[in-house]
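Structure first, commentary second.
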Amino acid sequence: MARKNPQVEAEAEVEIEDEDESRIEVGKPKTWAAGIPGVLHSMGPALKDMGVNRTRKTLLAMNQRDGFDCMSCAWPDPDHRKTFEFCENGAKAVTWEATPITVDSHFWAQNPVSELRTKSEYWLGQQGRLTEPVYKPAGKDYYEPVSWAEAFRIIARKLNSLDSPDEASFYTSGRTSNEAAFSYQLFVRAFGTNNLPDCSNMCHESTGWAMGQTLGIGKSTIVYDDFGKADLIIIMGQNPGTNHPRMLTALEEAKNNGAQIVAVNPLPEAGLRRYKNPQEVKGIIGSGTEIADQFLQIRLGGDMALLQAICKRVLDAEDANPGTVLDHEFIQEHCQGLEELKAHLARLDEGAVLTATGLRLEEIDELADRYLRAERVIITWAMGLTQQKKGVAAIKEVINLLLLRGNIGKPGAGASPIRGHSNVQGDRTMGIWEQMPPVFLDALEKEFGFNPPREHGADAVQTIQKMRDGAMKVFVALGGNLVAAISDTTAAEAAMENLDMSVQISTKLNRSHTVVGKEALILPTMGRTEIDRQASGEQFVSVEDTVCAVHPSWGKVEPVAPNLLSEVAIVSRLAQATLDGKVAVDWAGFERDYDLVREHISHVVAGCEDYNQRIRQDGGFVLANGPRDSRTFHTPTGKAVFTVNDLEHVQCPPGRLILQTMRSHDQFNTTIYGHNDRYRGIKKGRQVVFVNPEDLTELGLADGQYVDVHGEHHDNQERVLRNYRLVSYPTARGCAAAYYPEANVLVPLDSVADGSNTPVSKHVIVRLEPTGG
Ligand SMILES: Nc1nc2c(c(=O)[nH]1)N[C@H]1C(S)=C(S)[C@@H](COP(=O)(O)OP(=O)(O)OC[C@H]3O[C@@H](n4cnc5c(=O)[nH]c(N)nc54)[C@H](O)[C@@H]3O)O[C@H]1N2
Ligand SMILES: Nc1nc2c(c(=O)[nH]1)N[C@H]1C(S)=C(S)[C@@H](COP(=O)(O)OP(=O)(O)OC[C@H]3O[C@@H](n4cnc5c(=O)[nH]c(N)nc54)[C@H](O)[C@@H]3O)O[C@H]1N2
Ligand SMILES: [Mo]
């Protein structure tokens, strides 16, 4: 039974009921986002769960200079911060973490692992915060509370018994702070492996590769204020109303300054249409701001074709009026490969473009016109582009288009991947990557006097494959919920259970605590909202947002339980227990004073010099960025690279649909806050599949009918979601949608993006069959 921690608030028993999917209600999708309902939706659960005091201490401190960084997404903070610099979904994330409800010691004896396995992700999350380390010995079905010292001894003994350090994998989820991430990768490399997969492998990995190879850096080339200076903002494959709600404020400001906004998406997402700003009177009582000037309802996976078609029109316009369209000075001085691109696009098959995009010629021409008329263009994107077979190539086409008119490295223009997890970008900067380059490893060697392994490690998909094959024996996770987040749930669960040991460092229960290795441990940790007191005093941590701004984050409320350790402390103690002096690192000092970690970061991580000083000035600093700051490109030739990408578009056989897996408005990745998807008109359920009404008719199916969704893949394995309610929905023709993580059952493990190995979560071929028929 979950209960409120009496030390925090009055004790109260909480009944958690799972949603009965048969009560699902389907209404009309909303045409606008946020406004007063958004604010009420954010305050309601907070007040109910946390009480007035904790709500005030958390929500009001969010994203303020002396407060903590919101953990819901990597959206940046404007310089001109408002009192309420949070959104509905940020409030849900904070409430979920800062809840005073905790899992007590009796819970473990009452709930065998085999039983916990039958619970939903929602139910698990509702049990409250984890408060003590627990251990499940081999052959037992129960976790048992253990001391911290014993937990570290058990893990260290296992790690040191492996034949090779490469038999262990150390995962990271993007909520981890820079200080914890740096310490963790140091421990893992000192232990002897580069097996450092992370959530980024499943997220913006395609972005990293595409931008790295073309611009020499895998990060956004804009700062926050560029939104207010742009003439045109193109939002591709992203649902900001749900996943980056504060971006709507930036878009509204951009509109007020005269920018045009174009949305490219198979779904008419609410936030891309109309926005009612809860900060402003007109947003509360008026009809809000019309966001998108043009909406291109593209077919899943069609972006590469669309971008090539726009590039071609730009080149044709230059041919018609030589010297007036391209930014010749920029191209001459900073770019290479234009001739090859021209030759390639001269042969573009416009028929193939129309098939791939599902768009009309006029729509493509209109977007090309807008691009040609704009002096300063920003293109933003997220999972709709990255989680595609051709994701890397599509993002390279984004770069091609921007380079043609010099839209990189000038105010109001640039390439802007919008990151997901609040510190996923910082974790990479700190060395969480299975393929860190030699310069980083050299710096590590110089600073700490050991020789880090040089061979690349396993990414997230490869880690699962190695577990399956028996080559990976221990799995340690600093946050996250890999078994639910990765593709091919059935295969992934079998792989996890093949492990000798799994270790999860977590704030709350999730699926990855119930599908485990023979031995399993859960180490509970403090969250970002909580005051982190160490021997040298109160500590802060630091994080990097999507536009490379690094800033401190201070916890504000009492930790939910006395026995919790911070992530830095857990990593330090695990390292001490495992390495036993093997590498000369003052691990105890790391835990005592995070300044010591930051001092090392200063020496090892390029761009982080004088970290301790700069992080304390004016709320942090912005990392140097060659393309953005000085049009400097750290590619092998020092030039930005136009690339040639063969147009390839994955075919869909007749009678089948292409399905994307996406987030509802009531979840954070695998964390399910509730069962509503307000903007899409869904209430009290998640087992739905959205299909275009004309496709339904063509398939002889109807709204409200229940179907089994069968994945189709060349390996002919059965992958199926049973008993899903059909929802007639205005998605692009031939395209369907269902919610992640449940729909991960359908995504084959070997269906990955070329070049980045990211699971193709937005392009699954499915067949719908009436349930029971
Ligand atoms: N509240 C909340 N905030 C979050 C998260 C959360 O779960 N909840 N998750 C965080 C994380 S880790 C991430 S990575 C981000 C994710 O942010 P998003 O990328 O916005 O997340 P998704 O729900 O996957 O939505 C993908 C969007 O791309 C569109 N799309 C799908 N396929 C295509 C395509 O082929 N082409 C185009 N043009 N569009 C396509 C979909 O219709 C949808 O609008 O959000 C972060 N913020
Ligand atoms: N089909 C499909 N699959 C996808 C996606 C998709 O769009 N479709 N999206 C992918 C993307 S973009 C991502 S980023 C991944 C997400 O993959 P993950 O990052 O692995 O998953 P999350 O659900 O974000 O992890 C949530 C868990 O993190 C723990 N946690 C929360 N806060 C903290 C903290 O402060 N410290 C620690 N130590 N633990 C904490 C909690 O226990 C919680 O249950 O999923 C990917 N998988
Ligand atoms: Mo993500």
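Heavy-atom basis, side chains included; hydrogens, waters and symmetry copies ignored. Position 1 is the first residue of the sequence; numbering continues from there.
Aromatic ring orientation, Phe448 versus Phe450: tilted (interplanar angle from 30° to 60°).
Salt bridge present: Arg117 and Glu493 bring a charged side-chain N and a carboxylate O closer than 4.0 Å.
Using a 4.5 Å heavy-atom cutoff, the side chains of His713 and Ile765 are not in contact. In this structure the side chain of Leu196 never reaches within 4.5 angstrom of the side chain of Met436, judged on heavy atoms. Under the 4.5 Å side-chain criterion, counting only non-hydrogen atoms from C-beta, Asp532 is in contact with Met526. With a 4.5 Å cut-off on side-chain heavy atoms, Glu121 and Asn481 count as touching. Counting heavy atoms from C-beta outward, Leu521 and Val134 have side chains that stay 4.5 Å or more apart. When side chains are defined from C-beta on, Val424 does not count as touching Cys203, because their heavy atoms never get closer than 4.5 Å. The closest side-chain heavy-atom distance from Pro759 to Val461 is below 4.5 Å. In this structure the side chain of Lys119 never reaches within 4.5 angstrom of the side chain of Arg511, judged on heavy atoms.
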- Message: Test side-chain hydrogen bond (donor to acceptor under 3.5 Å, both in side chains) on Ser206 and Thr386; report intermediate values, then the result.
- Response: CA-CA 5 Å; Ser206 303; Thr386 63; 5.3 Å; no
- Task: Go through the steps to decide whether Phe170 and Phe187 satisfy the test ring-ring contact (aromatic ring centres under 6.0 Å, His included), and finish with yes or no.
- Result: CA-CA 10 Å; Phe170 299 84; Phe187 156 58; 5.7 Å; yes
- Item | side-chain hydrogen bond (donor to acceptor under 3.5 Å, both in side chains) between Ser566 and Tyr594, worked out | CA-CA 11 Å; Ser566 73; Tyr594 299 177; 2.7 Å; yes
- Query: Yes or no on salt bridge (charged side-chain N to carboxylate O under 4.0 Å, His left out) for Glu397 and Lys390, after CA distance, side-chain angles and deciding distance?
  - Reply: CA-CA 11 Å; Glu397 295 293 353; Lys390 289 280 152 189; over 6 Å; no
- Candidate pair Lys508 and Gln127, rule side-chain contact (heavy atoms from CB on, under 4.5 Å), full reasoning: CA-CA 8 Å; Lys508 278 188 147 184; Gln127 300 312 303; over 6 Å; no
- Can Asn423 and Arg175 be said to form a side-chain hydrogen bond (donor to acceptor under 3.5 Å, both in side chains), step by step? CA-CA 5 Å; Asn423 196 41; Arg175 206 172 270 193; over 6 Å; no
- Worked verdict on Trp96 versus Met71 for side-chain contact (heavy atoms from CB on, under 4.5 Å): CA-CA 11 Å; Trp96 188 83; Met71 56 293 256; over 6 Å; no
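For Ser506, the side chain to side chain donor-acceptor pair (under 3.5 Å) partners at least two apart in sequence or on another chain are His513. With sequence neighbours left out, Thr242 forms a side chain to side chain donor-acceptor pair (under 3.5 Å) with His665.
In terms of modelled atom types and a separation under 3.5 Å, the side chain of Glu497 and the main chain of Ala494 share no donor-acceptor contact. Looking only at distances, no side-chain donor or acceptor of Asp303 sits under 3.5 Å from a matching main-chain atom of Ala394. Counting only distance, with no hydrogens or angles, the side chain of Arg129 and the backbone of Glu97 share a donor-acceptor pair below 3.5 Å. Between the side chain of Asp545 and the backbone N or O of Val547 there is at least one donor-acceptor pair closer than 3.5 Å. In this structure a side-chain-to-backbone donor-acceptor pair under 3.5 Å is present from Tyr184 to Tyr171. With hydrogens and angles ignored, the 3.5 Å screen pairs no side-chain donor or acceptor of Ser751 with any backbone N or O of Val747. The backbone N or O of Tyr740 lies less than 3.5 Å from a partner atom in the side chain of Gln667, making a donor-acceptor pair. Between the side chain of Asp586 and the backbone N or O of Gly589, at least one donor-acceptor pair lies under 3.5 Å. In this structure, the side chain of Asp500 does not engage the main chain of Val474 through any donor-acceptor pair within 3.5 Å. No side-chain donor-acceptor contact under 3.5 Å links Thr546 to the backbone of Trp75.
Within a 6.0 Å radius of CG in Asp580, no more than 12 heavy atoms belonging to other residues, nucleotides or ligands are found. When the shell of 6.0 Å around NZ of Lys466 is examined, it contains 12 or fewer heavy atoms from other residues, nucleotides or ligands. Atom NZ of Lys140 has 12 or fewer heavy atoms from other residues, nucleotides or ligands within 6.0 Å.
Minimum heavy-atom separation, Ser422 to Asp69: CB-OD2, 3.8 Å. Closest of all the heavy-atom pairs between Pro453 and Asn194 is O-ND2, 2.8 Å. Annotation for Glu445 and Pro452: closest pair CB-CD, 3.7 Å, computed over non-hydrogen atoms. Listed here is the closest heavy atom pair of Lys219 and Pro417: C-CG, 4.4 Å. Listed here is the closest heavy atom pair of Thr635 and Thr214: CG2-O, 3.8 Å. Across all non-hydrogen atoms, the minimal contact from Leu215 to Thr221 is CD1-CG2, 4.0 Å.
No side-chain donor from either of Gln660 and Lys762 sits under 3.5 Å from a side-chain acceptor of the other.
Between Tyr611 and His600, the ring centre distance reaches or exceeds 6.0 Å.
No cation-pi contact links Arg157 to Phe152, judged by a cut-off of 6.0 Å to the six-membered ring centre and 45° from its axis.
For the salt bridge (charged side-chain N to carboxylate O under 4.0 Å, His left out) with Glu519, the qualifying choice from Lys473, Lys158, Lys136 is Lys158, the only one to do so.
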